[in-house]
Amino acid sequence: MSEFWLISAPGDKENLQALERMNNVTSKSNLSHNTKFTIPDFKVGTLDSLVGLSDELGKLDTFAESLIKRMAQSVVEVMEDSKGKVHENLLANGGLKEKMKCLKIDLTSFVTHFEWDMAKYPAKQPLVNVVDTLAKVTRSISPASPSQQLAQIETDLKSRTAAYSVLKANLENLEKKCTGNLFTRTLSDIVSKEDFVLDSEYLITLLVIVPKSSYAQWQKTYESLSDMVVPRSTKLITEDNEGGLFTVTLFRKVIEDFKVKAKENKFTVREFYYDEKEIKREREEMNRLQSDKKQQYGPLLRWLKVNFSEAFIAWIHIKALRVFVESVLRYGLPVNFQAVLLQPHKKSATKRLREVLNSVFRHLDEVAAASILDASVEIPGLQLSNQDYFPYVYFHIDLSLLD
């Protein structure tokens with residue numbers, strides 16, 4: 001599964017034994033794969049500042065997750081390929097061990113082997129400074145504003161994908177005109193100059209769609225559908241599953257009469273007049289759009305891959321910060337807790353896994369544990385729903401970014 005549960009419990013002897021018991025139970029029951037999730041020892045500051053950071057990080061977490069999902073979907077739209085190929089491009093760049101900094105790592109490996117990036121986010125600073133370094137919050141705009149880094153990625157994402165989408169849509173519209181039936185598709189790539197009588201003051205060549213079952217009828221009657229039709233002037237240009245496109249030459253003065261009589265016989269005159277300049281313009285426009293799309297594809301996909309990696313790495317660091325802040329607020333000072341990453345083995349095991357966790361850590365918060373079993377119990381001082389609060393610190397990480 002691509003779902004992870006990031007939890008923490010106090011680090012005293014009793015709770016370390018509880019963690020060991022949890023690992024034993026989940027392993028024996030094949031409920032989840034558990035790994036230690038290492039978080040640096042940050043400088044805490046005041047509890048008031050932690051409360052503010054908790055709210056700020058919650059909003060930043062939501063924003064970052066939304067952003068990476070939109071970027072993943074943009075990769076799908078740009079690649080126009082299967083999700084399997086897309087996943088090969090949704091990677092995290094380094095961030096595990098120093099020798100792997102230059103490697104592209106799959107998202108699951110990055111999460112399960114997470115290491116805090118000390119170079120980018122020094123942990124020896126006060127915690128509020130670490131969050132500011134990660135979030136770069138523009139408080140002059142809004143006290144809960146998301147990071148400038150992520151906000152800039154979002155702004156660039158909108159502008160780059162919008163421009164590419166317009167280009168792609170224009171090209172698709174032209175391509176659709178080349179793939180429809182004879183009633184709707186463009187004819188500029190089918191007909192040629194030699195199919196028409198051009199530059200005549202009196203004569204004009206029309207294009208008529210004839211059902212396949214009526215080919216014989218057309219050949220017998222087209223000359224008599226109206227006066228002044230040029231004998232033996234019809235020719236089959238092309239056909240599809242439903243019918244064929246025929247030419248017919250007649251005098252301009254009888255066009256309307258010919259159209260009426262053709263309609264009565266279930267022949268359809270296509271409104272098309274050969275214009276060499278217009279056909280050339282259409283072909284040049286198609287070539288230009290194809291060229292522009294090809295030129296933009298590579299740079300846009302590279303930008304998406306690089307910035308998806310940046311946003312994803314920032315998101316997991318935000319998760320780590322949230323665990324630290326919530327653990328200190330929940331379990332108090334001095335800082336002493338253990339974070340564990342659980343990966344449920346299958347969807348059907350999540351209910352049983354939750355029961356095991358609630359049983360093992362029930363002693364941490366009897367009221368919360370009871371409320372999980374009885375939805376009518378309210379937890380004093382909390383505005384979260386019972387489904388969001390557990391005796392232990394809990395955060396959810398879902399890597400199903402394309403679902």
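Throughout, residue positions are numbered sequentially from 1 according to the sequence presented. Values in this document were obtained by computation on a predicted structure and should not be read as measured data.
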Approximate separation, where rounding is to 0.5 Å, of Asn89 CG and Lys305 NZ: 4.5 Å
One pair to check against side-chain hydrogen bond (donor to acceptor under 3.5 Å, both in side chains): Glu3 and Ser400. What are the steps and the verdict? CA-CA 7 Å; Glu3 176 183 357; Ser400 303; over 6 Å; no
Could you tell me if Arg354 sits above the aromatic ring of Phe390, with its cationic atom closer than 6.0 Å to the ring centre and no more than 45 degrees from the axis? yes
Salt-bridge present ([X], [Y]; N to O < 4.0 Å):
X      : Y      : result
Lys177 : Glu282 : no
Lys253 : Asp257 : no
Arg281 : Glu284 : no
Lys176 : Glu172 : no

[Y] and [X], any side-chain heavy atoms less than 4.5 Å apart:
X      : Y      : value
Pro231 : Glu223 : yes
Arg270 : Leu187 : yes
Val248 : Val229 : yes
Asp195 : Tyr274 : no
Leu206 : Thr247 : no
Leu90  : Val75  : yes
Ile190 : Ile237 : yes
Lys36  : Phe114 : no

On a heavy-atom basis, which atom in [X] and which in [Y] lie closest, and how many Å separate them?
X      : Y      : value
Ala9   : Tyr331 : CA-OH, 3.6 Å
Ala320 : Phe37  : CB-CE2, 3.8 Å
Val78  : Tyr297 : O-CE1, 3.3 Å

Go through Leu107 and His87 one step at a time and tell me if the side-chain contact (heavy atoms from CB on, under 4.5 Å) criterion holds. CA-CA 9 Å; Leu107 304 186; His87 279 295; over 6 Å; no
Is it the case that the ring center of Phe42 lies less than 6.0 angstrom away from the ring center of Phe324? yes
Taking the six-membered ring for Trp, are the ring centroids of Tyr121 and His317 within less than 6.0 Å of each other? yes
Checking side-chain polar atoms at under 3.5 Å, does Asp365 have a donor or acceptor matched by the opposite partner on Tyr389? yes
For the residue pair Ser54 / Glu326, report whether a side-chain donor-acceptor contact shorter than 3.5 Å exists. yes
Can you list the steps and then say if Leu250 with Leu203 is a side-chain contact (heavy atoms from CB on, under 4.5 Å)? CA-CA 6 Å; Leu250 43 83; Leu203 296 175; over 6 Å; no
Step by step, would you call Tyr222 with Asn265 a side-chain hydrogen bond (donor to acceptor under 3.5 Å, both in side chains)? CA-CA 10 Å; Tyr222 80 90; Asn265 286 270; over 6 Å; no
Residues forming a ring pair (Phe, Tyr, Trp, His ring centres under 6.0 Å) with Tyr164, sequence neighbours excluded: none
Side chain to side chain contact (heavy atoms under 4.5 Å, CB included) involving Lys259 - partner list, sequence neighbours excluded: Ile255, Glu256, Val269, Glu271, Tyr273
I need the single residue from Leu341, Asp61, Ile39 that forms a side-chain contact (heavy atoms from CB on, under 4.5 Å) with Lys319. Which is it? Asp61
Contacts of type salt bridge (charged side-chain N to carboxylate O under 4.0 Å, His left out), residue Lys212, not counting sequence neighbours: none
